**Student:** 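My questions all concern the structure below.
Nothing here was measured: the structure is a model prediction, and the numbers come from that model.
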Amino acid sequence: MTVTTVSNQQKIYQVSELNQKARMLLEAEFLNVWISGEISNLVKATSGHWYFSLKDNKAQIKGAMFRGNNRNVRANVENGTQVLVRGRLSLYEPRGDYQLIVELMEPAGEGLLKQEFEALKNNLLKMGLFDQDSKQVIPKEPKRVGLVTSSTGAAVHDILTVLQRRSPQTEVIIYPTMVQGKQAADNIMWAINTANVRQEVDVLIVGRGGGSLEDLWSFNDEGLAHTIYNSAIPVISAVGHEVDVSISDFVADLRAPTPSAAAEIVSTDNSELVTKVRNLHSRLIRAYAHQHQANKNQQNQLKRSLSLLHPSYQLQLAQQKNDELQMALQRAILSKLESAKQRDNINRERLSSLSPKHALSSAKQRLEYANSALPKLMQARLIKKQNQFNSATEKLNIVSPLATLTRGYSITTNKDGKVISDQAQIKDGELVKIRLANGELTANITRQTD
């Protein structure tokens, strides 16, 4: 038999006390941790909160991401998604579940690259490579433009098309280079240095067409940033689409949202004022984004510092309990909704039988019959009028004096054109005209003596 004795000095915990102390220790020690893993058992509650497991090939941890934070997740998160998350370790006291309260979530590969991007950007910012005072002025009417890009990519085609349309007199020199892959950054640096040695262009456009963050990563190289910064020739960065941002955009003398936009900047056109406004707008957006990110970082730091003292934990705990009840209620409601849906389908079928579309179809058929009968009625009316015209013509011919002439009669007129109907109207020897059915005769009158 084994006997265990508990001393008066030994602390005896209630379960709730132990869980509370464990939670406070976890949250104090692991306030801001980054974890990479795969999403599984994902539940998106009606309250807007997410509950899931984060796992690798050996272990898993439960996680929760509350509505205020998951609104900012741009990726399509579902089971099987590889993510990079930042949060604090905690413990769900009612069940004693060890869990991660997630504050930030990004796709795993993209998230790591973004961390690297931000670290390099902050380092170069401190070194002064982004200072506006060190940036060169882009010439307004360059005679010769250099392109540092792939000679077979879409970017070079877009740039040449815009220059040909807007400024065909501008000469173009292409410094072909790789724009993707491990050797791309070195290739781009070589092309920029070559252009600086040859000193044959007034401005350089460095860039490529759109792609993923990995595709554009060669333009986030620190060596390339220094090469662009040290270039004696003004550099315009034109990498990807307007939403894409690279280190070369910050260090270049000017950032163009697209390769086509870069071509518009260096070409002469009546829309030059519009181009200047767009460039100023881009600079304003970058400045705003930088200030916004700085404010956001400061706010996040203050939130993490106050997280242990803030009553939001109890609120989150209550919300999590409420979510469990909500999900149970939702399952009960689903069956009600299904039966209501069936009744709705029956009512729809009844309503369809009373629809006026049948009457409309019948009216449409009558209209089509009337449209087809109208040409026939018009044709019959035309024939009737034609017959009436022919009958009137025949009657006119009957009473016409010309018809009388065809029967052997004639009309005699004197020299004044008056019709002679009495021999007393004409003198002996006077000339008269005789109108026949076909032609006229002239005669000299000679009176006969008895």
**Student:** Does the R88 side chain pair with the main chain of V33, one donor and one acceptor, at a distance under 3.5 Å?
**Tutor:**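 The answer is no, because no donor-acceptor pair under 3.5 Å joins these two groups.
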**Student:** Cut-off 3.5 Å, side chains only: do Q291 and N295 have a donor facing an acceptor?
**Tutor:**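 On atom types as modelled, these side chains qualify, holding a pair under 3.5 Å.
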**Student:** Are S150 and V156 close enough that some pair of their side-chain heavy atoms sits under 4.5 Å apart?
**Tutor:**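 With C-beta onward as the side chain, the pair stays apart.
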**Student:** Thinking salt bridges, do R144 and E200 make one under a 4.0 Å N-O criterion?
**Tutor:**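 Result for this pair is no, no salt bridge flagged.
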**Student:** Does a salt bridge link D97 with R95, judged by any charged N lying under 4.0 Å from a carboxylate O?
**Tutor:**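 Result for this pair is yes, salt bridge flagged.
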**Student:** Where do R67 and S47 come nearest, in terms of heavy atoms and distance?
**Tutor:**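 Looks like NH1-O, 3.0 Å.
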**Student:** What are the two closest non-hydrogen atoms of L204 and S231, and how far apart are they?
**Tutor:**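 Closest pair (atom of L204, atom of S231, distance): CD1-OG, 4.4 Å.
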**Student:** According to ring pair (Phe, Tyr, Trp, His ring centres under 6.0 Å), who are the partners of Y229, at least two apart in sequence or on a separate chain?
**Tutor:**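 For Y229 there are no ring pair (Phe, Tyr, Trp, His ring centres under 6.0 Å) partners, ignoring immediate neighbours.
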**Student:** Go through it in stages, so that I can follow the logic: the residues are H49 and Q320, the test is side-chain contact (heavy atoms from CB on, under 4.5 Å), and I'd like the CA-CA distance, side-chain angles, deciding distance and then a yes or no.
**Tutor:** CA-CA 8 Å; H49 307 321; Q320 194 164 353; over 6 Å; no
**Student:** Look only at the side chain of S218 and the backbone of V179, and say whether a donor-acceptor pair between them is shorter than 3.5 Å.
**Tutor:**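 Present.
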**Student:** Going by ring pair (Phe, Tyr, Trp, His ring centres under 6.0 Å), name the residues that satisfy it together with Y175, two or more places apart in sequence or in a different chain.
**Tutor:**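 Residues passing ring pair (Phe, Tyr, Trp, His ring centres under 6.0 Å) with Y175: none at all.
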**Student:** Taking all non-hydrogen atoms of both residues into account, name the closest pair between N69 and E103 and its distance.
**Tutor:**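 Closest pair (atom of N69, atom of E103, distance): CB-O, 3.6 Å.
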**Student:** Do V83 and L54 have side chains that approach each other closer than 4.5 Å (heavy atoms only, starting at C-beta)?
**Tutor:**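 Yes. Closest side-chain heavy atoms under 4.5 Å.
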**Student:** Would you say the side-chain atoms of Q293 and N297 include a donor-acceptor pair closer than 3.5 Å?
**Tutor:**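 Q293 vs N297: donor-acceptor pair found between side chains.
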**Student:** My understanding is that only residues two or more places apart in sequence, or in another chain, count here; which of them pass ring pair (Phe, Tyr, Trp, His ring centres under 6.0 Å) with Y51?
**Tutor:**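 Here no residue qualifies.
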**Student:** Could you tell me whether a side-chain N or O of R208 sits under 3.5 Å from a main-chain N or O of G153, the two making a donor and an acceptor?
**Tutor:**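 A pair under 3.5 Å: no.
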**Student:** Do R165 and T161 come close enough that some side-chain heavy atom pair is under 4.5 Å?
**Tutor:**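 No, their side chains stay 4.5 Å or more apart.
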**Student:** Report yes if some heavy atom in the side chain of L26 is under 4.5 Å from a heavy atom in the side chain of S90; otherwise report no.
**Tutor:**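 No, every pair of side-chain atoms sits at 4.5 Å or beyond.
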**Student:** Determine yes or no for a side-chain-to-main-chain donor-acceptor pair under 3.5 angstrom, with D56 supplying the side chain and A59 the backbone.
**Tutor:**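 Pair found, side chain donor or acceptor close to backbone of A59.
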**Student:** Side chains of S40 and N79: is there a donor and an acceptor less than 3.5 Å apart?
**Tutor:**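 Judged by distance alone, the side chains do not pair up.
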**Student:** Taking all atoms of both residues into account, what is the closest heavy-atom pair of N76 and T81, and its distance?
**Tutor:**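 In this case the closest contact between N76 and T81 is O-OG1, 3.8 Å.
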**Student:** Using a 6.0 Å cut-off, check whether atom NZ of K135 has over 12 heavy atoms from anything other than its own residue.
**Tutor:**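 For K135, atom NZ is crowded (more than 12 foreign heavy atoms under 6.0 Å).
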**Student:** Check the pair I173 / L147 against side-chain contact (heavy atoms from CB on, under 4.5 Å), numbers first and verdict last.
**Tutor:** CA-CA 6 Å; I173 295 180; L147 306 183; over 6 Å; no
**Student:** To the nearest 0.5 angstrom, please state how far the CD1 atom of I61 sits from the NZ atom of K55.
**Tutor:**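 Interatomic distance, I61 CD1 to K55 NZ, rounded to 0.5 Å: 14.5 Å.
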**Student:** Any side-chain heavy atom of V145 sitting closer than 4.5 Å to one from D202?
**Tutor:**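 Counting from C-beta outward, V145 and D202 never come under 4.5 Å.
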**Student:** Can a donor-acceptor pair be found, under 3.5 Å and without considering hydrogens, that links the side chain of N19 to the backbone of E93?
**Tutor:**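 Side chain of N19 to backbone of E93, a donor-acceptor pair under 3.5 Å: yes, one is there.
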**Student:** The test is side-chain contact (heavy atoms from CB on, under 4.5 Å); show your working for L91 and Q20 and say whether it passes.
**Tutor:** CA-CA 8 Å; L91 188 128; Q20 183 182 45; over 6 Å; no
**Student:** Rounded to the nearest 0.5 Å, how far does CG of N32 lie from CZ of F30?
**Tutor:**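 It is 12.5 Å, given to the nearest 0.5 Å.
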**Student:** List the atom pairs, with distances to 0.1 Å, where a side-chain N or O of residues 280-288 and a protein N or O form a donor-acceptor pair under 3.5 Å, not counting sequence neighbours.
**Tutor:**
{"unit_1": "S282", "atom_1": "OG", "unit_2": "R278", "atom_2": "O", "d": "3.1"}
{"unit_1": "R283", "atom_1": "NH2", "unit_2": "Q132", "atom_2": "OE1", "d": "3.4"}

**Student:** Identify each donor-acceptor pair in which a side-chain atom of residues 249-261 lies under 3.5 Å from a protein atom, sequence neighbours left out, and give them as a table.
**Tutor:**
{"unit_1": "D249", "atom_1": "OD1", "unit_2": "S237", "atom_2": "OG", "d": "2.5"}
{"unit_1": "D249", "atom_1": "OD2", "unit_2": "S246", "atom_2": "N", "d": "2.9"}
{"unit_1": "D249", "atom_1": "OD2", "unit_2": "S246", "atom_2": "OG", "d": "3.3"}
{"unit_1": "D253", "atom_1": "OD1", "unit_2": "Q136", "atom_2": "N", "d": "2.7"}
{"unit_1": "D253", "atom_1": "OD2", "unit_2": "V235", "atom_2": "N", "d": "2.8"}
{"unit_1": "R255", "atom_1": "NH2", "unit_2": "E242", "atom_2": "O", "d": "2.7"}
{"unit_1": "R255", "atom_1": "NH2", "unit_2": "D244", "atom_2": "O", "d": "2.7"}
{"unit_1": "T258", "atom_1": "OG1", "unit_2": "A261", "atom_2": "N", "d": "3.1"}

**Student:** If you round to the nearest 0.5 Å, how far is NZ of K143 from OG of S167?
**Tutor:**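 These two atoms lie 12.0 Å from each other.
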**Student:** Could you tell me whether K121 and E118 make a salt bridge, using a distance below 4.0 angstrom between a side-chain N and a carboxylate O?
**Tutor:**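 Answer for the salt bridge query: yes.
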**Student:** Kindly determine whether Q180 and W217 satisfy side-chain contact (heavy atoms from CB on, under 4.5 Å), including the steps that lead there.
**Tutor:** CA-CA 8 Å; Q180 184 174 335; W217 193 249; over 6 Å; no
**Student:** Does the ring of Y13 carry K11 above it, NZ/CZ under 6.0 angstrom from centre and within 45° of its axis?
**Tutor:**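 Verdict for Y13: a cation-pi partner in K11.
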**Student:** Hey, is the main chain of S53 close enough, under 3.5 Å, to the side chain of N41 for a donor-acceptor pair?
**Tutor:**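 Absent.
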**Student:** Are the side chains of I247 and D221 in touch, meaning some heavy atoms are under 4.5 Å apart?
**Tutor:**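 Sidechains of D221 and I247: no contact.
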**Student:** I need the minimum non-hydrogen distance between S248 and I228, along with the two atoms involved.
**Tutor:**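 Nearest pair, atom of S248 first, then I228: CB-CD1, 3.6 Å.
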**Student:** Which distance, rounded to the nearest 0.5 Å, do you find between the CD1 of I192 and the CG of L224?
**Tutor:**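 One gets 5.0 Å once the value is rounded to the nearest 0.5 Å.
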**Student:** Using modelled atom types and a 3.5 Å cut-off, is there a donor and acceptor pairing between side-chain atoms of N123 and backbone atoms of A119?
**Tutor:**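 Checked: no pair found.
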**Student:** Evaluate the side-chain proximity of T177 to W190: yes if any heavy-atom separation is below 4.5 Å, no if none is.
**Tutor:**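 W190 does not reach T177 side chain to side chain.
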**Student:** Are any side-chain N or O atoms of E17 and backbone N or O atoms of Q14, one a donor and one an acceptor, separated by less than 3.5 Å?
**Tutor:**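 Present.
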**Student:** Other residues, nucleotides and ligands only: do more than 12 of their heavy atoms fall within 6.0 Å of CD on Q298?
**Tutor:**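 For Q298, atom CD is not crowded (no more than 12 foreign heavy atoms under 6.0 Å).
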**Student:** I need the Q169 CD to L163 CG distance, nearest 0.5 Å.
**Tutor:**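 So the gap between those two atoms works out to 9.5 Å.
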**Student:** When you compare the side chain of T149 with that of I205, does any pair of heavy atoms fall below 4.5 Å?
**Tutor:**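 No, every pair of side-chain atoms sits at 4.5 Å or beyond.
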**Student:** If you compare all heavy atoms of I233 against all heavy atoms of A195, which two are closest, and at what distance to 0.1 Å?
**Tutor:**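 Scanning both residues completely, I find the closest heavy atoms to be CD1-O, 3.4 Å.
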**Student:** Looking at NZ of K44 and CH2 of W50, how far apart are the two atoms once the value is rounded to the nearest 0.5 Å?
**Tutor:**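 The CH2 atom of W50 is 4.5 Å from NZ of K44, to the nearest 0.5 Å.
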**Student:** For residues 329-344, which side-chain N or O atoms pair as donor and acceptor with protein atoms under 3.5 Å away, sequence neighbours left out?
**Tutor:**
{"unit_1": "S335", "atom_1": "OG", "unit_2": "A332", "atom_2": "O", "d": "3.1"}
{"unit_1": "S339", "atom_1": "OG", "unit_2": "K336", "atom_2": "O", "d": "2.8"}
{"unit_1": "D344", "atom_1": "OD2", "unit_2": "R348", "atom_2": "NE", "d": "2.8"}

